[in-house]
Amino acid sequence: MITIISKIELEGTDNLKYTDVGYTSEESVINQINEDYDLTLGKFLGENRTKLEIGEVSVSTFFATTDFVNEARATIEDASDLGLIQITDINQL
Amino acid sequence: MSAPVSVNSFSANPTPGNNFYQFSYNVASGTNRLLVIQLTMSNLRSYTGCTYNGVAMTQLHTTNRGGLSQRMAFFYLIDPPTGNNTLRINFSGSQWNPISIHARNFTGSGGVGNEGRTGGQSTPNTQSLTVSDDSMIMATACSINAISTIQIPQGTNRSFVTHNTNRQVGTGAISTGQSAGAYNIRTTSTFGSVTNDRVEILGLSSSANGDSGDFFMILE
């Protein structure tokens with residue numbers, strides 16, 4: 001299985017936008033990306049799900065200090081036709 | 001004649017944070033193509049449809065599992081466009097809870113056949129599905145507790161992907177081609193109750209019948 005790396009950023013004023021930016025099979029890259037996600041956007045979403053659902057909190061609050069976050073949790077058997085670059089080092093992102 | 005060939009499975013567990021989620025997905029060329037997608041998410045929102053390359057997919061079901069506060073669904077598209085296109089899932093509003101997504105495509109398939117859906121029952125949850133010759137069976141399970149096994153048929157563990165949608169989901173389990181008959185599909189969780197949803201993916205022999213076509217009688 002290949003893991004797809006998605007860039008997550010603010011769309012409009014209150015939504016998320018996902019863009020696939022690469023793929024990897026390096027466990028260290030996957031772990032680094034997801035640890036960063038869990039400590040930042042993942043934490044914000046986890047703490048604010050109910051308020052986000054009812055509009056009491058906007059995700060733009062999070063993106064006021066962050067341009068984007070990556071996540072690497074989508075897997076696919078074959079990424080060769082997706083037109084993505086292979087990421088072997090997190091510094092490529 | 002032959003079982004379907006499964007191609008290029010995709011699994012993801014994102015928080016959409018929007019009233020849709022979409023991803024690029026490649027459908028292989030070949031004849032008798034079938035694209036399927038299996039979904040589970042919080043029931044605070046509903047599915048309002050799926051499209052592939054802008055073509056509406058057929059809804060097999062959407063099922064509200066009120067006890068688990070989850071909505072599970074299955075969509076499919078016969079003879080989808082081939083190549084790299086966008087698969088899009090639409091919701092009734094912004095979904096801020098994680099969604100479990102599993103997509104795969106097939107060649108050599110006669111489409112989607114029988115299906116069964118059973119809500120949470122004490123583990124193990126064992127249910128029957130009758131299938132035609134050469135069919136494959138896909139199954140998914142949801143529970144408050146971790147999914148332990150998805151057995152298709154009972155006694156044969158199939159690999160599956162685990163997702164967290166604020167509930168535990170096992171998705172993507174699939175059998176090899178089966179002979180015609182009734183099979184028990186078993187889902188288990190570490191504790192408590194677990195759901196059992198199952199779908200028949202038809203092979204090519206299943207779609208043939210004697211109602212139409214050309215017939216020849218040889219007289220000597």
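To find a chain, count down the sequence lines: A is the first, B the second, and so on, and within it residues start at 1.
The CG atom of B:Asp133 lies 10.0 Å from the CD atom of B:Gln178; values are rounded to the nearest 0.5 Å.
Ranked by non-hydrogen atom pairs under 4.5 Å with chain B, the options A:Glu53, A:Arg73, A:Glu71 are led by A:Glu53. Interface summary for chain A: among B:Phe23, B:Tyr21, B:Phe20, the most heavy-atom pairs under 4.5 angstrom belong to B:Tyr21. The candidate from B:Asn84, B:Asn8, B:Asn26 with the greatest count of non-hydrogen atom pairs under 4.5 Å with chain A is B:Asn8.
Heavy-atom distances place both the backbone and the side chain of B:Pro14 under 4.5 Å from chain A. Heavy atoms of A:Asp78 lying under 4.5 Å from chain B belong to its backbone as well as its side chain. For A:Leu82, the parts lying near chain B are the backbone and the side chain together; criterion is any non-hydrogen pair under 4.5 Å. In this structure, no portion of B:Val161 lies under 4.5 Å from any heavy atom of chain A. When heavy atoms are compared at a cutoff of 4.5 Å, A:Leu41 does not approach chain B at all.
Judged purely by distance below 3.5 Å, without hydrogens or angles, the side chains of B:Thr195 and B:Arg117 never pair a donor atom with an acceptor atom. For the residue pair B:Ser143 and B:Gln168, no side-chain donor N or O sits within less than 3.5 Å of a side-chain acceptor on the partner. Looking only at atom types and distance, the side chain of B:Gln151 has a donor-acceptor partner in the side chain of B:Thr149 under 3.5 Å away. Side chains of A:Asp14 and A:Ser58: a donor-acceptor N/O pair is present below 3.5 angstrom, by distance only.
Checked against B:Ser11 for a side chain to side chain donor-acceptor pair (under 3.5 Å), the options B:His102, B:His163, B:Gln38 give a single hit: B:His102.
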